[in-house]
Every structure is written in structure tokens, then in C-alpha cells.
**Student:** 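Sharing a structure, written as C-alpha cells. Questions coming.
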Amino acid sequence: MQALLEQHIKEALNSLHQVNLENVEFQATRKEFEGDVTVVIFPMLRQVKTNPVALGEAIGSYLVENVDVVERFNVVKGFLNLVINDTFFLQQFKEIKDDAHFGFVKSTEESPSIMVEYSSPNTNKPLHLGHVRNNLLGYAVAEILKAAGNTVFKTQIINDRGIHICKSMLAWQKYGNGETPQTTGLKGDKLVGNYYVKFDQEYKAQVAELQKHGKTEDDAKVEAPLLLEAKKMLLQWEAGDEEVVSLWKKMNQWVYDGFEITYKNLGVDFDKNYYESDTYLLGKEVVQEGLEKDVFFKKEDGSVWIDLTEEGLDEKIVLRSDGTAVYMTQDIGTAIQRVKDYAINGLVYTVGNEQDYHFKVLFLILKKLGYEWANHLYHLSYGMVDLPSGKMKSREGTVVDADELMQEMTKTAQTISEDLGKLEGYTQDEKEELYETIGLGALKYYILKVDPRKRILFNPEESVDFQGNTGPFIQYTYARIQSILRKANFDYGQDVVDYTLDPKEKEVMKQLQLFPEVIQQAATQHSPALIANYTYDLVKEFNSFYQNVSILGTDVEIEKVFRVQLAKTVAQTLKNAFGLLGIQVPERM
RNA sequence: GGUUGCAUAGCUCAGUUGGAUAGAGCACCUGCCUUCUAAGCAGGCGGUCCCAGGUUCGAAUCCUGGUGCAAUCACCA
């Protein structure tokens with residue numbers, strides 16, 4: 001449509017002023033003026049020396065005369081507002097309503113293939129609010145990339161080895177008395193997490209004790225027997241000590257069982273899991289190759305580094321002097337492995353912004369190693385979720401637990417639903433499912449609607465809203481439309497061609513038309529927030545229509561048909577958009 | 001100290017090719033359920049777009065400098 005107008009505007013300028021216009025600037029017409037599309041005249045003044053209002057009038061007249069879809073126009077200052085006729089809108093709408101996945105681009109053989117990494121938990125503690133943001137973002141971005149026409153694989157790398165795991169293991173061995181998830185009734189990840197906290201408590205006590213006996217704080221921290229034991233355990237693990245490895249396997253399995261439940265409740269999934277215990281040695285070979293290619297250099301003590309001073313960064317270590325791998329080594333190896341496994345040409349890492357530097361370096365290294373795909377790596381960096389009391393720390397138990405949070409939200413949804421009492425006829429199971437849909441909808445929307453880069457301050461005391469710009473508000477609109485559709489017991493399948501649009505109807509249609517563009521934008525910017533805010537705008541327009549225009553109450557048959565179609569299309573779009581965010585929509589609420 | 005990100009109404013946030021009088025929600029105040037679900041709609045109140053310069057016909061948006069907050073700059077992951 002803009003392309004069509006652009007062409008005619010260029011023609012207009014050519015015939016009026018003998019000027020070849022390079023570009024035409026459009027924007028949506030502001031509500032307070034009449035019109036559907038606005039042409040900004042100002043930029044043209046560079047090429048045509050004249051009064052903007054006069055030029056606008058001239059172009060407007062030309063368009064009305066020569067272009068069918070332009071019905072009228074008005075000029076305000078340098079803005080040419082065009083009124084597009086109803087026939088055009090109705091034609092567009094026909095395409096939207098008949099397309100169950102309007103706005104989605106199907107991926108093909110030639111589509112870019114992208115892997116999205118998210119979640120990537122440690123196996124020594126349960127998931128908390130920070131992971132929730134990570135999971136929601138990663139999942140949503142994966143879905144959005146898919147909808148924008150990419151082939152997408154979802155993955156996580158499970159951080160299942162290292163000193164932190166040994167801490168939980170050791171504490172369980174020492175103080176656990178053989179407790180298991182079965183004997184305690186605790187979720188496995190919770191049980192293991194408790195021992196991580198336990199370790200920290202005992203460790204701190206030992207440090208304090210040592211300090212009492214004259215040690216400095218730094219010495220005490222290094223010499224505490226518990227820490228020494230944990231380190232020893234890590235060495236035993238690396239050496240393949242049978243007892244340690246079997247304990248490790250047992251406790252990790254507990255954690256995986258726990259995670260599975262959390263993921264399921266959260267509604268996220270993965271196509272492939274990578275385990276750090278498998279990949280942590282992967283990068284070493286590559287480092288060797290890099291040494292030969294002089295991408296890396298070796299210091300006298302044997303450690304291997306890369307010099308990034310030319311790029312304005314520092315030197316960075318990629319292999320320890322004892323030959324063992326660091327975080328970076330592993331990430332280099334894992335990236336290469338993934339490209340081999342899936343023939344992908346891009347990777348999205350959903351990781352908090354505290355690791356901005358790490359990923360900057362990682363991407364640079366891969367580029368220097370000469371991998372073409374290194375140009376398509378993206379760090380989806382998001383702000384931390386902080387509590388009013390400050391940062392969340394698992395060790396100190398000051399976290400908002402993911403499972404408890406979801407439960408809390410579901411409970412709140414239940415309370416509100418029961419107060420409103422609109423669910424007569426629903427079975428207990430149906431009700432519970434609905435509470436979950438609404439509670440999680442509120443939580444997910446709350447987190448996803450803000451720009452990923454911004455940090456979120458989460459106050460558990462003030463519950464997440466269920467009114468206004470929230471998930472439930474949008475779900476409610478969907479449910480209301482479903483209610484209308486249940487009552488619309490007549491055939492509304494025919495195409496509406498000859499019809500005069502109500503202004504409210506037109507606004508809703510304009511909003512619907514934006515969806516494909518919003519998906520593409522959300523994909524390029526890796527921002528689910530754009531989808532969330534789009535659904536809100538759409539719902540606002542629809543509700544205004546709903547409250548001001550009767551859908552089923554009109555006597556005019558064609559009005560009824562068209563309005564039901566419009567409502568249905570809005571519902572469909574909402575469902576699809578929320579699907580991208582991993583949020584479900586209810587039939588009633 | 002260097003680097004990166006953020007700063008918009010009392011609070012939470014939109015505002016992305018630079019455009020018209022900077023928009024929503026929450027909170028507070030009005031009105032609207034004998035008609036399709038009031039988790040809604042219509043309206044009111046509320047602004048030094050962190051500050052100072054610059055570019056431009058035009059700046060919340062771009063540039064420079066500063067202030068504040070956060071993260072980061074490990075042979076931890």
C-alpha cells in the first residue's frame with residue numbers, strides 16, 4: 001500500500017515540479033486528525049523549494065484524482081493526511097481473516113538456521129526468578145525467530161560440573177543422613193539446593209573459627225577444611241573416582257527431575273541439551289589450531305592467551321598454565337560443536353548482561369579463528385532481576401524461587417477469579433487449569449513486556465497486576481470474543497465487500513495490519529516486548545470498538561457478519577501473538 | 001580508573017528509518033452493567049523526556065561533554 005502511494009507521489013512530483021523524488025516518508029496518522037496514512041512533506045522541500053502546505057495540497061489533489069484508494073485528504077502544516085477508502089481495507093481484511101497464521105513467515109530450505117541457547121542452569125540449586133526471565137526471553141525469542149521465517153533449534157548447556165556441584169555433594173555426604181527426594185518429599189533440585197546453602201553456612205562457620213584463632217580473613221577462606229575437601233572432590237571427579245562420580249550422577253539426576261517439572265510448568269522446552277561435562281574439553285583442540293595459526297600465543301608458564309588490545313580490549317586467557325580449560329575454552333568448543341551438529345549459521349545466547357564482556361571476547365575469538373558464521377552470533381543480553389533487598393543470592397537463600405513464584409501467581413489468579421465468580425459450570429480441573437493459565441499469563445507478560453536490556457525490580461510484596469497493561473487483560477479480551485463466537489449461531493463466512501466501515505472498526509483493522517511488520521521487528525531486535533506491546537495496542541482498539549459498537553445486537557445483517565469476522569480475527573491474532581510469548585489464552589475467564 | 005548498558009508523570013513502562021500538542025497502565029477523582037463477560041469502557045488529574053552544549057526547517061530520539069545507577073575489566077563459571 002505504501003509502495004503504491006510512494007510510486008504515485010513520485011509521479012506527482014515529477015509532473016508538478018519535474019523532480020525525481022528519492023524517498024517518501026510515511027507515518028500512521030495521529031488520532032486527532034482525519035486520515036489513515038500521513039505523508040511527511042518536509043523532507044521534500046530539499047528538492048522542491050516551495051511552501052509545504054501548498055505542496056501537500058497539490059500532491060493530495062493529484063492522489064485523489066489518480067489513485068483509487070485515496071478518498072480524501074487534508075493538510076496540516078507539513079503533513080498530508082490521506083483517507084483511504086473502505087474497499088481497500090476490506091480487501092486487506094479478507095486476506096487477514098482467511099489466514100490462520102497471518103503475519104507468520106514459513107521457513108523454507110533456504111531459511112537461515114539459528115540455534116537459541118537459554119536457561120543453562122547450574123545443577124546445584126533450583127531455578128529462581130532470574131532464570132525465569134532468562135527462560136521466558138529465550139523461549140519467546142526462539143518462537144519469534146521461527147515466526148519470522150527462520151529454522152530454529154532450542155538448546156541449553158547444563159552446567160553440571162565444577163566446584164559448586166561438589167559443594168552440594170559434600171554437604172549432603174556429611175550432613176545428609178542419606179536423605180533423598182523420596183524420603184523427604186522434596187523436589188530434587190530443592191533438596192540439592194538446600195545442601196548448597198548448608199555448605200555455605202558450615203563453611204562460613206569454619207572461616208570464623210579460623211579467624212578466631214588468629215588467621216587473617218583471606219587465609220581462613222582458603223584454608224577452611226570444607227573448601228579443601230570440596231576441591232579434593234573435584235579432583236577426584238576429574239580423575240573419574242567411582243564413588244564420587246556415582247554420587248554426582250545420583251544427585252544430578254535428582255536435579256534434572258526437579259528441573260523437568262519447573263520447565264514443564266513454565267512451558268518451555270529444548271530440542272537438545274548440551275552438558276558441560278561433555279563439552280568442557282572440546283575447545284582445547286581448537287586452541288591448539290589457533291596457536292599454529294598465530295591467533296593465540298603462549299606465555300613462558302605455558303598458559304595460552306589472545307591479544308585483543310588492537311580491538312580496545314585486554315589480553316584474555318584461553319588455556320591455563322596447567323593445560324586445563326577455562327570458561328572461554330569451553331564456549332569456543334561448544335560453539336563449533338553446535339555448528340557441526342546442526343549446520344546452523346547463527347547462534348543466539350540468552351545470557352545476563354553481566355557477561356557482556358565474555359561474549360564480546362568469545363565472538364571476536366571465533367571471528368579471528370576464521371569462522372564465517374561468527375558474524376551471526378548474537379548475545380541476547382538482558383538486565384538482572386533485582387529485589388528491593390538487592391541482588392538475589394542462592395548461597396544465602398535470598399532468592400525468589402521459580403516454582404513458588406508460579407504457585408503464588410496461580411493462587412492470586414484463583415482468588416480474583418473466585419471473587420468475580422464467572423465460572424459456573426466449570427469442573428474443578430478446568431478451573432485449576434484456568435487459574436494456571438491466568439497466573440502464568442500475568443507473570444510472563446509482566447516480565448516480557450519490558451525491554452530485555454532494562455533491569456527489573458521485582459517486589460514480591462506488591463503482587464503482579466491483573467488489570468491494565470497485563471496478561472490477564474489481554475486474555476480477558478480473548479475470552480470475551482470467544483463468548484461472542486459461541487453465541488454467533490449463524491453463517492458469517494461470506495466475504496464482505498460492499499460495506500461502510502465504522503471508525504472504530506477501521507482502527508482495529510489498521511492495528512491488525514501491523515502484525516507482520518511487528519513480528520519482523522521483534523525478530524531483528526530480539527525483543528518479545530514489541531509483541532507484548534503490540535497485543536496491548538490491539539486489545540485497546542478492540543475493547544473500544546467492543547464497548548461502543550454492538551456486535552451481535554445490530555439488526556443489519558452485514559454489520560453482524562463483518563463484526564463477528566473482525567472479532568474472530570482479533571482473537572486469532574491475539575492467540576498467535578501470545579503463542580510467541582509462550583502465553584496461553586482461555587476460552588472463558 | 002577503563003569499557004558497556006540504563007535514566008521519560010508519584011510508581012511501572014511505551015515511544016527504533018529524527019516529525020504534528022511526548023503516550024499507556026497503576027494510584028487518585030467523575031461517569032457507564034434491565035443489551036454481546038465491568039479483569040472492561042469514556043473522561044479528569046499528573047511532565048525540567050537527568051543536566052549543558054551542538055547538528056537540523058524540526059531532537060525524548062543523532063553528536064560531544066558531564067551527573068546518577070547498574071554490570072564488567074580473574075589461570076571462577
Side-chain angles (χ1 to χ4, degrees), chain A residues 23 25-27 29-33 38 40-43 45-46 52 76-79 81 120 122 159 161-164 276 280 299 301-305 312-314 316-328 330-331 352-358 360-361 381 383-384 386 391 413 416-417 419-420 422 438 442 446 449-451 453-457 459 462 465-477 479-488 521 524-525 527 529-530 532-533 536-537 539-540 543-554 563-564 567 588-589:
Chain A
N23 193 24
E25 211 175 296
F26 293 99
Q27 58 182 265
T29 304
R30 302 196 69 158
K31 283 269 171 62
E32 57 266 40
F33 303 104
T38 295
V40 188
I41 301 298
F42 295 110
L45 300 181
R46 281 190 206 105
V76 182
K77 293 189 217 167
F79 300 91
N81 301 322
S120 303
N122 291 350
N159 197 343
R161 61 165 285 278
I163 188 82
H164 47 287
E276 205 186 291
Y280 81 110
K299 290 195 175 175
D301 63 3
S303 57
V304 180
W305 298 72
L313 303 173
D314 256 330
K316 185 86 187 173
I317 190 159
V318 293
L319 206 60
R320 290 197 192 98
S321 51
D322 62 5
T324 56
V326 292
Y327 184 30
M328 191 62 75
Q330 164 194 312
D331 268 4
N353 63 11
E354 56 198 352
Q355 294 196 33
D356 284 356
Y357 184 73
H358 173 77
K360 207 169 164 183
V361 172
S381 163
M384 297 288 101
D386 291 322
K391 249 187 123 158
I416 295 175
S417 290
D419 278 356
L420 292 170
K422 299 181 187 176
I438 298 172
Y446 176 83
K449 78 170 178 188
V450 318
D451 188 315
R453 279 172 308 196
K454 291 194 173 173
R455 51 188 283 250
I456 294 181
L457 190 72
N459 190 343
E462 296 167 21
D465 271 329
F466 283 68
Q467 279 170 7
N469 188 0
T470 66
F473 170 52
I474 288 154
Q475 290 172 324
Y476 176 69
T477 301
R480 248 184 351 189
I481 295 173
Q482 295 312 304
S483 168
I484 288 175
L485 295 180
R486 281 193 294 271
K487 286 178 183 162
Q521 261 184 35
T524 33
Q525 292 174 39
S527 175
L530 296 181
N533 287 312
Y536 180 65
D537 291 339
V539 162
K540 282 295 271 183
N543 280 341
S544 180
F545 159 69
Y546 175 90
Q547 299 271 356
N548 288 284
V549 178
S550 181
I551 295 172
L552 297 174
T554 169
R563 287 172 188 170
V564 171
R588 284 175 63 181
M589 71 185 272

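Just so it is clear, the model here is predicted, and its values are computed rather than measured. Labels below follow one simple rule: chain letters A, B, ... track the order of the sequence lines, proteins then strands, and each chain is numbered from 1.
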**Student:** Counting only side-chain heavy atoms from C-beta out, which of C41(B), C73(B), A77(B) sits nearest to N548(A)?
**Tutor:** C41(B)
**Student:** Taking only the P atom of each, what is the distance from A9(B) to G2(B) in whole angstrom?
**Tutor:** 29 Å
**Student:** On RNA chain B, check which nucleotide each of T477(A) and E354(A) is closest to and give me the residue with the more 5' one.
**Tutor:** T477(A)
**Student:** With Watson-Crick and G-U wobble geometry limited to distances under 3.5 Å, how should the secondary structure of RNA chain B be encoded in dot-bracket form, using | for bases paired to another strand and [ ] for crossing pairs?
**Tutor:** (((((((..((((.....[...)))).(((((.......))))).....(((((..]....))))))))))))....
**Student:** Between C41(B) and A27(B), how far apart are the two P atoms, rounded to whole Å?
**Tutor:** 13 Å
**Student:** Please report, rounded to the nearest Å, how far the P atom of C36(B) is from the NZ atom of K487(A).
**Tutor:** 6 Å
**Student:** Is the shortest side-chain N/O distance from S544(A) to OP1 or OP2 of C41(B) below 4.0 Å?
**Tutor:** no
**Student:** With rounding to whole Å, what would you report as the distance between C50(B) and A60(B) at their C1' atoms?
**Tutor:** 12 Å
**Student:** Could you tell me which residues satisfy ring pair (Phe, Tyr, Trp, His ring centres under 6.0 Å) with F545(A), sequence neighbours excluded, listed by chain and number?
**Tutor:** F542(A)
**Student:** Between the protein and nucleotides 29-33 of chain B, list the N/O to N/O atom pairs that are separated by less than 3.5 angstrom.
**Tutor:**
none

**Student:** When you measure from the side chain of Y476(A), which nucleotide among U4(B), C41(B), G40(B) comes out closest?
**Tutor:** G40(B)
**Student:** Using the side-chain hydrogen bond (donor to acceptor under 3.5 Å, both in side chains) criterion, which residues pair with S527(A)? Sequence neighbours excluded.
**Tutor:** none
**Student:** Of the nucleotides A39(B), A77(B), G40(B), which has the atom closest to the R480(A) side chain?
**Tutor:** G40(B)
**Student:** To the nearest Å, give me how far apart CG (L485(A)) and C1' (U37(B)) are.
**Tutor:** 13 Å
**Student:** Between A77(B), G25(B), A39(B), which nucleotide gets closest to the side-chain atoms of K540(A)?
**Tutor:** G25(B)
**Student:** So what does I163(A) touch, heavy atoms closer than 4.0 Å: a base, only the sugar-phosphate, or nothing?
**Tutor:** nothing
**Student:** Kindly say if N543(A) contacts the phosphate of C41(B), meaning a side-chain N or O under 4.0 Å from OP1 or OP2.
**Tutor:** yes
**Student:** Nearest-Å distance, NE2 (H358(A)) to P (A71(B))?
**Tutor:** 19 Å
**Student:** How would you list, by chain and number, every residue that makes a side-chain hydrogen bond (donor to acceptor under 3.5 Å, both in side chains) with S417(A), sequence neighbours excluded?
**Tutor:** none
**Student:** Hey, is the side chain of R486(A) poking within less than 4.0 Å of OP1 or OP2 on C36(B), counting only N and O atoms?
**Tutor:** no
**Student:** So I484(A) and R563(A), do their side chains get closer than 4.5 Å, heavy atoms only?
**Tutor:** no
**Student:** Got a sec, which residues hit ring pair (Phe, Tyr, Trp, His ring centres under 6.0 Å) with F466(A), two or more places apart in sequence or on another chain?
**Tutor:** none
**Student:** Expressed as a whole number of Å, how far does the C1' atom of G65(B) sit from that of A77(B)?
**Tutor:** 38 Å
**Student:** Do T38(A) and F33(A) come within less than 4.5 Å of each other through their side chains, counting heavy atoms only?
**Tutor:** no
**Student:** Suppose you measure atom P in A24(B) against the same atom in C45(B); what distance do you get, rounded to whole Å?
**Tutor:** 12 Å
**Student:** How would you label the contact of M384(A) with the nucleic acid (heavy atoms, under 4.0 Å): base, sugar-phosphate, or nothing?
**Tutor:** nothing
**Student:** What residues, two or more places apart in sequence or in another chain, satisfy salt bridge (charged side-chain N to carboxylate O under 4.0 Å, His left out) together with R453(A)?
**Tutor:** D451(A)
**Student:** Any donor-acceptor pair under 3.5 Å linking the side chain of K449(A) with the backbone of N469(A)?
**Tutor:** yes
**Student:** Would you call the rings of Y327(A) and H358(A) parallel, tilted or perpendicular, where under 30° means parallel and over 60° means perpendicular?
**Tutor:** parallel
**Student:** For Y327(A) and U72(B), what is the distance between atoms OH and P respectively, to the nearest whole Å?
**Tutor:** 12 Å
**Student:** Could you tell me whether the side chain of S417(A) has a donor or acceptor atom within less than 3.5 Å of a complementary atom in the base of A39(B)?
**Tutor:** yes
**Student:** Where does C33(B) land, syn or anti, once you apply the within-90°-of-0 test for syn?
**Tutor:** syn
**Student:** In whole angstroms, how far is the P atom of A27(B) from the CZ atom of F466(A)?
**Tutor:** 14 Å
**Student:** Excluding sequence neighbours, so at least two apart, what forms side chain to side chain contact (heavy atoms under 4.5 Å, CB included) with V304(A)?
**Tutor:** V287(A), L291(A), F296(A), K298(A), V318(A), L319(A)
**Student:** Want to settle it: does E276(A) or L552(A) sit nearer the 5' end of RNA chain B, counting the closest nucleotide to each?
**Tutor:** L552(A)
**Student:** Can you sort out the partners of N23(A) under side chain to side chain contact (heavy atoms under 4.5 Å, CB included), two or more places apart, ordered by chain and number?
**Tutor:** E6(A)
**Student:** How does each nucleotide of nucleotides 9-20 of chain B score, in 5' to 3' order, for protein heavy atoms under 4.0 Å: base (B), sugar-phosphate only (S), or none (-)?
**Tutor:** -----SSBB-BB
**Student:** If the condition is salt bridge (charged side-chain N to carboxylate O under 4.0 Å, His left out), which residues does R320(A) pass it with, not counting sequence neighbours?
**Tutor:** none
**Student:** Considering only atom P, compute the distance from C49(B) to U3(B) and round it to an integer number of Å.
**Tutor:** 28 Å
**Student:** Between A14(B) and U8(B), how far apart are the C1' atoms? Round to whole Å, please.
**Tutor:** 10 Å
**Student:** Using the side-chain heavy atoms of L420(A), tell me which of these nucleotides is nearest: U72(B), A42(B), A39(B).
**Tutor:** A39(B)
**Student:** Taking atom types as modelled, find out whether N543(A) and R480(A) have a side-chain donor-acceptor pair closer than 3.5 angstrom.
**Tutor:** yes
**Student:** Partners of N459(A) by side-chain hydrogen bond (donor to acceptor under 3.5 Å, both in side chains), sequence neighbours excluded?
**Tutor:** E462(A)
**Student:** Counting heavy atoms from C-beta on, name the nucleotide in C26(B), C76(B), C36(B) closest to the side chain of I484(A).
**Tutor:** C36(B)
**Student:** Classify the nucleic acid contact of V549(A) as base, sugar-phosphate or nothing, counting any heavy atom under 4.0 Å across all strands shown.
**Tutor:** base
**Student:** Report the distance from atom CD of Q355(A) to atom C1' of G5(B), rounded to the nearest whole Å.
**Tutor:** 15 Å
**Student:** In whole angstrom, give me the gap between the C1' atoms of G43(B) and G18(B).
**Tutor:** 33 Å
